[in-house]
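First comes the structure, then the notes that go with it.
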Amino acid sequence: MIISWIIYYFLLILICYSFSKTSNNKFINFFFIPLIFGMLGSIWFVSPGNNDIAPIISILFLESSIFENNGYVRLIRPMISFIVLFEIISLIYYLISKRNSF
């Protein structure tokens with residue numbers, strides 16, 4: 001199980017790295033890479049009361065394909081929290097690197 005998480009996050013970092021190399025605008029990189037990482041890298045519990053965790057995006061696909069609905073709100077809130085957290089970290093890093101470049 002640990003190997004699959006390592007492979008998943010390695011591929012996610014590879015996707016974010018390749019996206020950063022395709023764009024020359026530094027601000028767009030600092031905005032979209034945390035967005036991609038937050039959407040694909042955020043994890044949450046598979047079902048309420050269960051100890052198993054999975055990426056939120058896969059749980060959203062699962063929730064849309066089954067009849068028993070546990071609610072999308074329980075998944076959207078942590079995903080937005082991860083995205084906002086990564087955006088704040090990226091903004092702080094962007095501002096520090098911009099200040100040090102002068």
Side-chain angles (χ1 to χ4, degrees):
M1 189 67 181
I2 298 284
I3 300 291
S4 62
W5 281 107
I6 291 171
I7 292 170
Y8 179 76
Y9 277 104
F10 176 74
L11 289 175
L12 180 60
I13 290 170
L14 187 67
I15 289 170
C16 291
Y17 178 76
S18 64
F19 180 78
S20 72
K21 291 301 177 186
T22 59
S23 176
N24 292 333
N25 191 344
K26 202 174 207 184
F27 182 74
I28 289 176
N29 285 339
F30 280 106
F31 178 72
F32 280 115
I33 290 175
L35 187 70
I36 293 169
F37 198 79
M39 286 178 58
L40 298 177
S42 56
I43 56 174
W44 200 244
F45 298 103
V46 175
S47 62
N50 197 351
N51 289 334
D52 298 330
I53 57 174
I56 291 178
I57 197 80
S58 66
I59 301 171
L60 282 173
F61 287 136
L62 179 69
E63 286 288 325
S64 66
S65 66
I66 61 175
F67 292 117
E68 290 181 22
N69 191 357
N70 289 328
Y72 292 108
V73 177
R74 75 175 186 91
L75 301 170
I76 298 297
R77 284 183 296 187
M79 181 185 282
I80 290 173
S81 300
F82 276 104
I83 291 171
V84 168
L85 177 71
F86 290 136
E87 289 290 340
I88 289 171
I89 292 170
S90 176
L91 179 66
I92 291 169
Y93 180 74
Y94 175 74
L95 293 174
I96 289 172
S97 67
K98 191 170 184 169
R99 190 176 106 199
N100 289 339
S101 68
F102 288 120

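FYI, side chains are in, hydrogens and waters are out, and symmetry mates aren't considered; it's all heavy atoms of this structure.
Hydrophobic cluster membership differs between I7 and I57, with clusters built from Ile, Leu, Val, Met, Phe, Trp and Tyr side chains linked at under 4.5 angstrom. Neither F31 nor Y17 shares a network with the other; the hydrophobic side chains, linked directly or stepwise wherever heavy atoms of I, L, V, M, F, W or Y lie under 4.5 Å apart, form separate groups for each. By the rule that hydrophobic residues join a cluster once side-chain heavy atoms approach within less than 4.5 Å of another member, L75 and F61 end up as members of one cluster. In the hydrophobic clustering of ILVMFWY residues, with side-chain heavy atoms under 4.5 Å counting as a link, L12 and I3 come out apart. By the rule that hydrophobic residues join a cluster once side-chain heavy atoms approach within less than 4.5 Å of another member, L11 and I53 end up as members of separate clusters.
Contact check for S64 versus Y72: side-chain heavy atoms found under the 4.5 Å cut-off. Residues Y93 and I96 are not in side-chain contact: their nearest non-hydrogen atoms beyond the backbone lie 4.5 Å or more apart.
Classification of the W5-Y8 ring pair by plane angle, with boundaries at 30° and 60°, yields perpendicular.
Remark: L60 CG to S65 OG distance equals 11.0 Å, nearest 0.5 Å. Between the CD1 atom in I59 and the CE atom in M79 there is a gap of 9.0 Å [rounded to 0.5 Å]. Atom OG of S47 is separated from atom CG of D52 by 7.5 Å, given to the nearest 0.5 angstrom. Once rounded to the nearest 0.5 Å, the distance linking CD1 of I33 with SG of C16 reads 6.0 Å. We find the CD1-CE distance between I6 and M1 to be 11.5 Å, quoted to the nearest 0.5 Å. Separation of atoms CD1 (I36) and CD1 (I15) is listed at 8.0 Å; rounding is to 0.5 Å.
For S23 (side chain) and S20 (main-chain N/O), no donor-acceptor pair under 3.5 Å exists by modelled atom type. At distances below 3.5 Å, at least one donor-acceptor pair connects side-chain atoms of Y9 with backbone N or O atoms of G41. Checking side-chain atoms of R74 against main-chain N and O of F45 turns up a donor-acceptor pair under 3.5 Å.
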Which atom pairs, one a donor and one an acceptor, fall under 3.5 Å between side chains of residues 82-90 and the rest of the protein, sequence neighbours left out?
unit_1 : atom_1 : unit_2 : atom_2 : d
E87    : OE2    : L35    : N      : 3.4
S90    : OG     : F30    : O      : 2.6

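Residue N25 qualifies as enclosed at atom CG: its count of foreign heavy atoms under 6.0 Å is above 12.
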